[in-house]
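Written out below as structure tokens is the structure these notes cover.
These figures come from a predicted structure and were not determined experimentally. Indexing begins at 1, ligand by ligand and atom by atom, following the structure's order.
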Amino acid sequence: MTAVLVINSGSSSFKYQLIEMDAETTLARGLVESIGADESHIVHDVIDDDGAAESFEQTTQIPDHTAGFTAMLDAFADHGPSLAQHPPVAIGHRVVHGGARFFEPTVITNLVKINIQDLSELAPLHNPANVEGITAAQQTFGDVPHVAVFDTAFHQTLPPEAFTYALDADTAKRHRVRKYGFHGTSHKFVSEEAARFLDRDNAALNQIVLHLGNGASMTAVRGGESIDTSMGLTPLEGLVMGTRTGDIDPAVVFHLHRRADMGVAELDELFNTKSGIYGLSGLQDMRDLTEQANAGNEAARTALDVYVHRLKQYLGGYVFQLGRVDTIAFTAGIGENSAQVRAETLAGLENFGVKMDAARNERRSRGIRVISADDSTVTVLVVPTNEELEIARQTLSAV
Ligand code: AMP
């Protein structure tokens, strides 16, 4: 049996998942939280053959990531599965920003680590935390190869006309300002799963993937390659999200600075954490938003309308960029679960070959499924994403 351990590290937390790669099943997963706080927390789920999880929780003090990895090892030793029986052949690390430098999963050397650290200026909240997780994991699993899998890598196939902003070229070059795109691991996984499910050659398919979670992005995929995506230099651009504005006139920044005396830090926080559907309605969870919108709450209805309007706008743009669309795939928390968002987004597109089947759209299931009508030219799918599995696959391919 071949096992891969996947690590997704934040500044004060990390998630882990041990995946058995022959059957591609998760053996255990967990979360170490509030690292460095007075009370830290670890949740360790052991997954049985039927996919059912038994959960073990502990509150303790974990001063840093290295201590977090020790706590993780203790959880494996106390509750299983045994890491001696399932020794990871490689550790896969999710890394948010790979800049223009990393376009594939990369075995981590000291130079690679320096490069990831160097890209922190593009992702100041994420890359330093990713490096911290890598260092701690290296201290814990010294002999095992570590692989970085970048959120941006799948979008390195974007053509220049898609990734270039119409900004002064010297300034853009000096400061590495361009569209990079994110959620690449998910967009790659979902587009490949859709092709596999339909038993079609991915190289011959034109697809649009809607990753709608708390963060959200849309990607146009031609023949398995990303040709355009909605997130940009940072994950702020594009779609309306839980708390992020998505696209907004950049002059709003100048305006609020001049009129409201807002500084960069305040604007950053406003745009990233106080806007989106939350900023419009006070509700961040799509379940609450649709419920309130349906109950006649005007602010919630407006927020949902703005959310869907932006989705349609990008969808239309990508239809024209691709020229022909074979599949539209919905994924992530909202994409997989909100029949209402899917229905409203694709309503009225019959003239473009998109015809939903209402009953199929409403039906819930854990697996991948078609929700368009049999006579729809475009096949619409719900595809559950699995970023950890994709990271594990890419990790294995790199070693
Ligand atoms: P993610 O970031 O992929 O975990 O997605 C989180 C988002 O998924 C949250 O905004 C949730 O409201 C949304 N979500 C989860 N379950 C449902 C559901 N049953 N219906 C609508 N939205 C959901």
Side-chain angles (χ1 to χ4, degrees), residues 6 8 10 13-17 26 29-31 33 43 45 53 94 96 125-126 151 154 181-191 193 209-219 229-231 234-236 238-246 272-295 297 299-308 310-311 329-347 356 358 360-369 371 381-391:
V6 175
N8 182 352
S13 68
F14 67 86
K15 289 192 256 184
Y16 59 88
Q17 202 167 122
T26 299
R29 64 171 169 250
L31 169 67
E33 266 185 314
V43 186
D45 289 349
R94 174 184 184 227
V96 167
L125 297 180
H126 294 106
D151 247 25
F154 183 57
F182 298 87
H183 291 147
T185 309
S186 178
H187 288 292
K188 179 176 184 338
F189 178 84
V190 167
S191 53
E193 287 296 302
V209 180
L210 287 75
H211 178 110
L212 309 180
N214 203 20
S217 66
M218 196 184 303
T219 296
T229 193
S230 59
M231 283 178 168
T234 76
L236 183 59
L239 306 177
V240 176
M241 308 182 212
T243 61
R244 293 177 223 158
T245 55
N272 274 296
T273 68
K274 295 182 177 165
S275 298
I277 58 173
Y278 169 75
L280 290 172
S281 69
L283 303 165
Q284 188 183 332
D285 192 305
M286 186 54 80
R287 281 166 288 208
D288 301 333
L289 190 77
T290 44
E291 194 184 299
Q292 286 294 313
N294 298 341
N297 175 330
R301 186 66 251 178
T302 301
L304 187 57
D305 287 346
V306 172
Y307 186 87
V308 168
R310 184 76 50 82
L311 287 174
F330 286 89
T331 194
I334 297 166
E336 291 169 32
N337 294 301
S338 179
Q340 182 170 348
V341 166
R342 295 192 299 258
E344 292 191 15
T345 302
L346 299 184
M356 290 284 269
R360 286 178 183 170
N361 185 39
E362 289 292 337
R363 204 173 299 140
R364 298 184 65 84
S365 93
R366 276 220 201 154
I368 182 168
R369 66 190 190 278
I371 57 170
L381 300 134
V382 172
V383 182
T385 193
N386 190 339
E387 290 167 273
E388 288 78 14
L389 176 57
E390 180 60 33
I391 290 171

Practice prompt. Sequence neighbours left out, what passes side-chain hydrogen bond (donor to acceptor under 3.5 Å, both in side chains) with Arg301? Give chain and number order.
Written response: Asp305, Glu344

Fill in: With sequence neighbours excluded, residues passing side-chain hydrogen bond (donor to acceptor under 3.5 Å, both in side chains) with Thr26
Gln17

Worksheet entry | Pocket residues of ligand 1, ordered first by chain and then by residue number (heavy-atom cut-off under 4.0 Å) | Gly213, Asn214, Gln284, Asp285, Met286, Arg287, Ala332, Gly333, Ile334, Asn337, Ser338

Item to complete: Under the salt bridge (Lys or Arg N to Asp or Glu O under 4.0 Å) rule, collect the residues that match up with Arg244, sequence neighbours excluded.
Response: none

Practice prompt. Run through Asp151, Thr385, Thr219 and flag the one making a side chain to side chain donor-acceptor pair (under 3.5 Å) with His187.
Written response: Thr219

Fill in: Derivation and outcome, side-chain hydrogen bond (donor to acceptor under 3.5 Å, both in side chains), residues Thr229 and His183
CA-CA 10 Å; Thr229 193; His183 291 147; over 6 Å; no

Discussion item. Does either side chain, that of Asn294 or that of Gln340, offer a donor lying less than 3.5 Å from an acceptor on the other one?
Written reply: yes

